[in-house]
Amino acid sequence: MKRRIIAVLAAASVLGLSACGSGSPSSTGGGTASSGAAGSTNLTKVSVGVIPIVDCAPIYLGDKQGFFKEEGLQLDIQTATGGAAIVPGIVSGSFDFAFSNLISVMVAKDKGLDLKFVANGASTTGEKGKDIGGVVVPAGSDIQTAKDLAGKTVSVNNLSNIGDTTIKSVVEKDGGDPKSVKFVEVAFPDAPAALANKQVDAAWILEPFLSKAVAEGGKVVSWNFVEMSPELDIAGYFTKSDTIKGKAELTQKFTRAMNKSLEYAQQHPQEVRDIVGTYTKIDDAARAKIVLPRYRVEFNQDAFKTLGDAAAKYGTLTKAPNAGELLP
């Protein structure tokens, strides 16, 4: 039964660029990157599945700053460009911990996998006009606000995930009919072209592609993360509940180091931009312009409930998740 669930998740619970990311894949996707105190006999090796996007910058910064070494850990950072392997990787034991957006882990939990977050990952900035993602329309479009998306074709990177869930919520909140929005899958790098070619009426795009789309004349008509909740957490680091119970000390060490990394990243935005250049193909000019996510330690439980309730309401989940079972 578990094998069947993993297979379903491998097809449907897509992470990576597909999971709400703010970057582009590195040329070494799928490889490993160990750093810090590699080779030390006193450190416990910990494998972490991540995606080469801006959201994951804190773990790279924390590794560079020695926060994990201070806890006696040696990171084995394993990147995946097609993140469908991340949830099954946790379940199989290939990863000790991994990065995912909240909805993907909610879906896995909803399908019977006992997973739980151990640290936050990335959150909305909370500012309309300056966030990591938004719904973009071409110049001259008659779509002015979220409710105008009703009856239109909107691209998202993956169906039944955090993009369409948040968009449906803000469309309804603005007085439109969320059921009438037609969602189609288009990868973030391809979304501007899909708009220009009139394949879609609007496109949900994340950084660094959002800045590029706006610079080319696109207009953001909905900052869907902010409009759902200015305190919305987007992604975090998770593992199996069995790992948390059976390797409690290891989990606590990872969480402490990860939290320190999040705080450091939030306080040093230029270092975030710099280190992103070491594991992605985003060039200097693009990194200087992109909006960075907010990095913080605490999850906002009210925003989590808002997101989970919406996912259940619109059919992404069979029932609303229990925050106490999923959050630290």
Side-chain angles (χ1 to χ4, degrees), residues 15-16 19 21-23 25-83 85-101 105 115-122 235-240 242-244 246-268 271-280 282 292-293 295-297 328:
L15 309 177
S22 326
S26 67
S27 58
T28 57
T32 63
S34 298
S35 54
S40 172
T41 57
N42 298 321
L43 302 179
T44 301
K45 187 175 181 179
V46 178
S47 60
V48 186
V50 303
I51 340 167
I53 57 177
V54 175
D55 303 31
C56 293
I59 196 168
Y60 287 93
L61 271 181
D63 196 19
K64 181 180 179 181
Q65 292 298 317
F67 299 150
F68 292 90
K69 181 181 177 182
E70 290 170 4
E71 293 288 348
L73 304 180
Q74 176 191 331
L75 287 188
D76 175 16
I77 300 176
Q78 302 190 22
T79 61
T81 54
I86 289 186
V87 169
I90 283 288
V91 175
S92 68
S94 297
F95 304 138
D96 295 302
F97 305 97
F99 177 90
S100 166
N101 78 59
V105 175
L115 307 177
K116 187 167 184 173
F117 287 100
V118 297
N120 208 335
Y237 292 84
F238 72 102
T239 190
K240 293 183 292 187
D242 286 349
T243 299
I244 296 172
K247 300 180 180 179
E249 185 177 2
L250 177 72
T251 301
Q252 290 164 10
K253 288 180 177 180
F254 178 81
T255 299
R256 282 197 298 266
M258 196 64 241
N259 288 346
K260 190 177 292 186
S261 301
L262 290 164
E263 291 174 338
Y264 187 89
Q266 182 64 22
Q267 294 165 5
H268 299 84
E271 291 187 43
V272 169
R273 297 179 192 278
D274 291 342
I275 205 159
V276 166
T278 68
Y279 65 89
T280 77
I282 307 174
L292 300 178
Y295 301 115
R296 64 182 179 190
V297 170

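Keep in mind it's a predicted model, so treat the numbers as computed, not measured.
- Summarising the geometry of Ser261 relative to Phe67, their closest heavy-atom pair is OG-CD1, 3.6 Å, with the distance given to 0.1 Å.
- Here the OG1-NZ distance, from Thr44 to Lys247, works out to 10.0 Å after rounding to the nearest 0.5 Å.
- For Gln266, there are no side chain to side chain donor-acceptor pair (under 3.5 Å) partners, not counting sequence neighbours.
- Here the two rings, on Tyr237 and Phe117, have centers that are 6.0 Å apart or farther.
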_side-chain hydrogen bond (donor to acceptor under 3.5 Å, both in side chains) between Gln267 and Tyr295, worked out_ = CA-CA 9 Å; Gln267 294 165 5; Tyr295 301 115; over 6 Å; no
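- Looking at every heavy atom in both residues, Met258 comes nearest to Ala119 through CG-CB, 3.7 Å.
- The distance from atom CD of Glu71 to atom CZ of Arg256, rounded to the nearest 0.5 Å, is 4.0 Å.
- Note that CG of Asp55 is 4.5 Å distant from CZ of Phe99, once rounded to the nearest 0.5 Å.
- A donor-acceptor contact shorter than 3.5 Å is absent between the side chain of Thr280 and the backbone of Gly277.
- Of all the heavy atoms in Ala57 and Val276, the pair that sits closest is CB-CG2, 4.0 Å.
- Between Phe95 atom CZ and Gln78 atom CD the span is 5.0 Å, to the nearest 0.5 Å.
- Taking the side chain as every heavy atom from C-beta outward, Asp76 and Val48 never approach each other to under 4.5 Å.
- Leu262 and Asn120 get closest at one heavy-atom pair: CD1-O, 3.3 Å.
- Considering every non-hydrogen atom in both Thr251 and Val118, the closest pair reads CG2-CG1, 3.8 Å.
- Exactly one of Val87, Thr239, Asp242, Ile244 qualifies for a side chain to side chain contact (heavy atoms under 4.5 Å, CB included) with Leu115. That residue is Val87.
- Every ring-ring contact (aromatic ring centres under 6.0 Å, His included) that Phe254 has, sequence neighbours left out, goes to Phe68, Phe97.
- Residues satisfying the salt bridge (charged side-chain N to carboxylate O under 4.0 Å, His left out) test with Lys240, not counting sequence neighbours, are none.
- Looking at Glu263 and Arg296, no side-chain N of the basic residue comes within less than 4.0 Å of a carboxylate O on the acidic one, giving no salt bridge.
- One finds the CD1 atom of Ile77 at 11.0 Å from the OG atom of Ser47 (value rounded to the nearest 0.5 Å).
- Within the model, atoms CD1 of Ile275 and CD of Gln65 stand 8.0 Å from one another, a figure rounded to the nearest 0.5 Å.
- Taking 4.5 Å as the limit, some side-chain heavy atom of Ile86 sits within range of a side-chain heavy atom of Ile51.
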